Colleague: 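Pasting in a structure now, in structure tokens, and then I'll have a few things to ask.
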Amino acid sequence: NAGVMQNPRHLVRRRGQEARLRCSPMKGHSHVYWYRQLPEEGLKFMVYLQKENIIDESGMPKERFSAEFPKEGPSILRIQQVVRGDSAAYFCASSSGQATGELFFGEGSRLTVL
Amino acid sequence: DAKTTQPTSMDCAEGRAANLPCNHSTISGNEYVYWYRQIHSQGPQYIIHGLKNNETNEMASLIITEDRKSSTLILPHATLRDTAVYYCIVRPLGSWGKLQFGAGTQVVVTP
């Protein structure tokens with residue numbers, strides 16, 4: 001499967017724990033984007049990364065959230081000290097980086113905070 | 001970025017064409033019109049995009065008015081698997097992957 005791979009697909013955490021979501025982009029893609037979809041709401045852009053660089057993090061909450069895309073390995077979205085409001089579907093997308101290139105989305109990681 | 005307006009929902013009979021309208025009256029010259037869809041609980045799927053000319057691919061056709069203030073996505077022969085939320089998005093050249101998803105149109109294809 002050469003698509004965008006996200007894991008875990010489902011994650012349950014208790015309040016105060018940490019959540020780590022992983023995303024492997026499509027083969028040949030070096031641009032990764034994270035989006036969040038709260039229950040019954042639309043998708044919201046969070047962050048845009050290229051290898052080892054954060055390009056745009058204007059949609060990231062200021063506290064507890066961080067993202068990285070290391071030289072080797074998948075992109076990681078990390079949420080520290082989770083709260084119930086963090087319960088959502090987190091989607092990763094990748095692109096080739098062309099100015100009008102389409103985004104290819106993964107199937108998402110669904111975080112539930114108890 | 002320009003905003004888009006879409007109907008909240010629409011029904012379509014299986015086998016018939018589905019015509020999904022989108023208004024983007026504040027679109028500027030360097031902004032493209034993109035369509036994505038999201039089938040329940042899945043990741044969004046790219047459908048088509050265009051600047052000012054009509055476009056067609058294996059999934060759909062995109063008709064953009066001459067003044068570019070509105071567009072229509074056409075699914076030529078809707079199937080039950082086309083039931084999804086369809087998003088019309090205006091994307092400036094150079095905005096990379098920062099897409100502004102609105103509420104979209106919930107399309108239900110009925111037998």
Side-chain angles (χ1 to χ4, degrees), chain A residues 1 3-7 9-10 21 23-26 29-50 53-60 67 69 75 88-110 112, chain B residues 1 3-9 22 27-53 55-60 62 64 68 73 84-107:
Chain A
N1 187 345
V4 178
M5 303 300 293
Q6 291 189 247
N7 67 83
R9 293 292 309 277
H10 300 274
L21 310 177
C23 169
S24 295
M26 281 185 68
H29 285 183
S30 59
H31 298 249
V32 165
Y33 315 84
W34 286 93
Y35 283 77
R36 177 167 68 172
Q37 187 168 33
L38 294 168
E40 307 303 323
E41 294 189 16
L43 293 114
K44 302 295 183 188
F45 167 82
M46 298 181 75
V47 62
Y48 162 36
L49 310 103
Q50 294 179 28
N53 290 302
I54 296 175
I55 307 302
D56 184 342
E57 56 180 350
S58 58
M60 286 277 273
F69 189 17
S75 175
Y90 292 83
F91 292 96
C92 171
S94 74
S95 76
S96 62
Q98 292 180 14
T100 58
E102 61 260 38
L103 268 62
F104 294 87
F105 283 82
E107 290 304 307
S109 292
R110 280 151 185 83
T112 300
Chain B
D1 297 353
K3 297 278 192 280
T4 62
T5 303
Q6 299 178 252
T8 303
S9 64
C22 179
I27 194 170
S28 61
N30 70 337
E31 291 180 316
Y32 287 72
V33 180
Y34 278 73
W35 284 84
Y36 282 78
R37 73 180 182 182
Q38 187 175 24
I39 297 170
H40 182 63
S41 296
Q42 297 183 19
Q45 178 188 23
Y46 166 82
I47 301 173
I48 199 168
H49 76 277
L51 183 62
K52 53 184 178 181
N53 296 323
E55 302 288 343
T56 295
N57 62 21
E58 65 278 5
M59 289 183 68
L62 174 61
I64 303 175
R68 303 209 320 123
L73 178 74
V85 178
Y86 287 76
Y87 298 99
C88 170
I89 300 167
V90 171
R91 177 181 174 186
L93 184 67
S95 67
W96 307 110
K98 187 177 180 180
L99 303 178
Q100 289 195 338
F101 287 85
T105 297
Q106 172 67 66
V107 173

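For the numbers below, each heavy atom of this structure counts, side chains included, while hydrogens, waters and symmetry mates do not. All chains are named by letter (A, B, ...) in the order of the sequence lines, taking the proteins before the strands, and each is independently numbered beginning at 1. None of these values were measured; they are calculated from a predicted model.
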Colleague: Tell me which of these, B:G43, B:P44, B:A103, has more heavy-atom pairs under 4.5 Å with chain A than the rest.
Modeller: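 With the most close heavy-atom pairs to chain A, the winner is B:P44.
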
Colleague: Go through the steps to decide whether A:L43 and B:Y87 satisfy the test side chain to side chain contact (heavy atoms under 4.5 Å, CB included), and finish with yes or no.
Modeller: CA-CA 10 Å; A:L43 293 114; B:Y87 298 99; 4.1 Å; yes

Colleague: Under a 4.5 Å heavy-atom cut-off, does chain B meet the side chain of A:Q37, its backbone, both or neither?
Modeller: side chain

Colleague: Which atoms of B:Q45 are under 4.5 Å from chain A, going by heavy atoms: the side chain, the backbone, both sets, or neither?
Modeller: neither

Colleague: Would you say B:Y34's side chain and A:E102's backbone share a donor-acceptor pair under 3.5 angstrom?
Modeller: no

Colleague: Quick one: what part of A:S58 sits under 4.5 Å from any heavy atom of chain B, side chain, backbone, both or neither?
Modeller: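 Side chain only.
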
Colleague: If only atom types and distance count, is the side chain of B:Y36 paired as donor or acceptor with the main-chain N or O of A:L103 below 3.5 Å?
Modeller: yes

Colleague: Give, as side chain, backbone, both or neither, the part of A:F104 having an atom under 4.5 angstrom from any heavy atom of chain B.
Modeller: neither

